[in-house]
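Data first, discussion second: the structure below is written as structure tokens.
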Amino acid sequence: MNQQARINQLRDQLNYHIHRYYVLDSPVISDAEYDQLFHELRRLEEENPELLTADSPTQRVSGIVADAFEKVTHPAPILSLGNAFNKEDLLEWEERTRRFMEQNGDDATQLLDYVVEPKIDGLTVVLTYENGRFTQGATRGNGQVGENITQNLLTLWALPKRIPVDPDSDLEVPARLVIRGEAFFPLDEFGKWNAGREVAGEKTYMNPRNAAAGSLRQLDSKITATRPLTLFCYDLIDWEGDVADSQWDRLQWLKALGFPVSADTVYCENIQAVAAEYDVWAEKRHQINYEVDGMVVKLNNRPLAAGLGFTGKDPRGSIAGKFPAVEKTTTLLNIKVAVGRTGILSPAAVLEPVEIGGVIVQNATLHNFDEIARKDIRIGDKVWVKRAGEVIPYVVGPITDLRDGSERPIVPPTHCPFCNDPAVQIPGEVAIYCDNPICPEQLVRRIEYFVSRVAMDIDGFGTKTGGLLAEVGLVNDLADIYYLNRDDLLALEGFKDKKVDKLLGGLEASKQQTAARFLTALGVRFVGSAAAALLLDTFMSIDRLAQATREEIEAIHGMGEGTATSVVQWFADERNQALLEKFRQAGLPFVMEQAAIDADAPQPLADKVFVITGTLPTLGRKDAKELIEQYGGKVTGSVSKKTDYLLAGEKAGSKLTKAQSLGVAVISESDLQALIGSN
Ligand code: IVH
């Protein structure tokens, strides 16, 4: 088999396995087997760069950063739907349909059957396939013109890059096919992801829909790639060739081609069955792992539906059966103030327990004190509480008409409830902070985050361990966890040999984590895992990052002013410098590792021979050596004719003289940074 054929075969196989894993949820090979195929493809593409294509499974993240989204005109209007709010509305809709059929000269007495689909609360996407390849993805925009978000959509595992996805399929693919789908965050993923952002001090999203919209409108698809977005497809917009007339068959066909289609779709043989589904769905919606705000009812006969035309923007042949919102009223009994690891003091509502959408709710978020003031929420108020996609319910607002005068205003805390230090508000920010760097509660939160799965992922470090270690005084700052000793731990209640071994083993193993994880774990405000990866991609080491200016950081795409300021301030703080030194002594990773660089960095120093001498301004000798090697260079001990560069710092001695006499290029640390392109 020639290499092109093998490459095609590997791409087909990989796309098929990606589909089994991400869409069908039923993989047929192990991760290791998948990796093997993936690596073979990557190797072949490296050896034959001319055979590389943008839609190859190895190219999920293109690395292209857009300045703005291009506008694209849809081949047909991307319409919205009219609403029905109860069963009667649905029955009336069929009556209207029959009246229109009569006017059209259709047989209005014929049996009308339907397809009921979940109305996913996500973001509409319009996907174009040409000769079986995904060529363009767009947002709905104003229905006529949308934005080109192809690069971002390419990062969705669930989106077929080529169809049919199954290499053994003999389905014919139309020369051109434009379909409509909905991109969304699964609820469980949204909850985890948003909670991770909250802990990281990053902006959280109100609901999965906003998170999906925000993720798809990133100019840097690397960011989209870190988001747990997925997709369902449900409509044909435009096509060349024959397609089935019935919606049900169209969905089966899309599924067979490899498009993700909701398994919760139901066929109904008449409108009574649809009405019965409305009751079923009103309950079922809470058991589904994505947010649905209604069900979409479609006439199964699509040519008939198309012939009925539109009212305004709404096609007559489909309707949305909207569900009542999951909001209830209850009494706000009190508020609790929690401190986060960045010191933010945040209010939570203590509610009279109330059942919302099948769950008893007693706590809800109140976001921040500004919002409480803005909405004038008072203790004792009857409040609306909403529990929708978001895992944590929230207080929507008070019902002021029901006040009897006994309600008490909520006063923002003047002191941290844990350490009693004065609370501060940073001008221009809504949050109120406990500014005490040694607030014991903050330390506990920071440890929790440091050891958590998004950060250092330390095995054996349970959620209560941090609190206990801080309480007994074994841990007074984050780095102390790497200086714990066996005997001290064994003296603690509940800590037996096995538990201590596991904890110490987990800590030791965590030193092998990536520098990006370590940077994430440090918990610099606004530096979550995506930002940490971007920062290290640019600066390569934590020491170099520590020297970076605000301008340098802001120059990175995807990095805002807030992040830049926060990073610079964090590294400028002497206490943090001391903390970093302590981590360094304990052996934590400060330099981006070889594997991460191999994966995406060019090798500008390939085969160049370096000698290092003198004291460099920011890099230690060892770090400089690692950096050079990471970019493909070699470091030797003495200057000779074979030396390409002498990297010289202050107090360079005989090596400098020798290099000069041999005509070897003498460079500074910043010259080196320029050579590797991180300056
Ligand atoms: S059909 C003309 N089917 O709900 C066809 N829409 O206003 C109109 N939606 O934002 C769309 N799930 O993006 C259809 N299974 C589904 C849907 C669905 C969600 C969204 C759609 C639009 C809104 C309807």
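As the structure is a prediction and not an experimental result, all values here were calculated from the model. Counting starts at 1 for both ligands and their atoms, in listed order.
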Within-shell test, [X] vs ligand 1, heavy atom, strictly < 4.0 Å:
X      : answer
Ala320 : no
Ser262 : no
Arg140 : no

Notebook entry, point to check: Mind checking whether Pro118 has an N or O less than 3.5 Å away from an N or O of ligand 1?
Noted result: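 Yes; at least one N/O pair falls below 3.5 Å.
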Next item on the list: Indicate yes or no: does an N/O atom of Val296 lie under 3.5 Å from an N/O atom of ligand 1?
Entry: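 For ligand 1, there is no N or O atom that lies under 3.5 Å from one belonging to Val296.
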Shortest protein heavy-atom distance from [atom], along with the residue and atom involved:
atom                    : result
atom 15 (N) of ligand 1 : Glu117 OE1, 2.7 Å
atom 12 (N) of ligand 1 : Ile120 N, 3.2 Å
atom 5 (C) of ligand 1  : Asp235 OD2, 3.7 Å
atom 2 (C) of ligand 1  : Pro315 CG, 3.3 Å
atom 7 (O) of ligand 1  : Leu81 N, 3.0 Å

Notebook entry, point to check: Nearest heavy-atom pair of Asp249 and Ala244: which atoms, and what distance?
Noted result: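 Residues Asp249 and Ala244, closest heavy atoms: CB-CB, 3.6 Å.
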Margin query: Give me the atom names and distance for the closest heavy-atom approach of Tyr129 to Pro160.
Written below: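 Looking at all heavy atoms of both residues, the closest pair is OH-O, 2.6 Å.
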Check: So between Phe232, Phe184, Phe310, Tyr234, whose heavy atom ends up nearest atom 9 (N) of ligand 1?
Finding: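 When every heavy atom of Phe232, Phe184, Phe310, Tyr234 is considered, Tyr234 comes closest to atom 9 (N) of ligand 1.
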Notebook entry, point to check: Among Lys119, Lys298, Lys322, Arg180, whose heavy atom sits nearest atom 3 (N) of ligand 1?
Noted result: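 Among Lys119, Lys298, Lys322, Arg180, the closest heavy atom to atom 3 (N) of ligand 1 comes from Lys298.
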Notebook entry, point to check: Strictly under 6.0 Å, is that where the ring centroids of Tyr34 and Tyr21 end up?
Noted result: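 No: the rings miss the under 6.0 Å criterion.
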Considering only heavy atoms of [X], which atoms of ligand 1 have at least one such atom less than 4.0 Å away?
X      : answer
Leu79  : 2 (C), 8 (C)
Ser80  : 7 (O)
Thr124 : 10 (O), 13 (O), 21 (C)

Notebook entry, point to check: Checking Thr226 side chain against Ile223 main chain: does a donor-acceptor pair fall under 3.5 Å?
Noted result: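 Side chain of Thr226 to backbone of Ile223, a donor-acceptor pair under 3.5 Å: yes, one is there.
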Next item on the list: Can you measure from OH (Tyr16) to CG (Asp166) and round to the nearest 0.5 angstrom?
Entry: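 Between Tyr16 OH and Asp166 CG, I get 5.0 Å after rounding to 0.5 Å.
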Next item on the list: Look up atom CG in Leu112 and atom CZ in Arg98, then write down how far apart they are to the nearest 0.5 Å.
Entry: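 Separation between the atoms: 4.0 Å.
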Item checked: Check: Ile18 and Val165 side chains under 4.5 Å, non-hydrogen atoms ->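 Contact flag for Val165/Ile18 side chains = no.
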Item checked: Test: Glu117 and Lys298 ion pair at under 4.0 Å ->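 Salt bridge between Glu117 and Lys298, a charged N being under 4.0 Å from a carboxylate O: yes.
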Check: More than 12 foreign heavy atoms under 6.0 Å from NZ of Lys375: is that the case here?
Finding: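 Yes - once you tally the heavy atoms of other residues, nucleotides and ligands closer than 6.0 Å, there are more than 12.
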Margin query: If you count every heavy atom of other residues, nucleotides or ligands that lies below 6.0 Å from Asp107 atom CG, does the total exceed 12?
Written below: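 It does: Asp107 CG has more than 12 such atoms within range.
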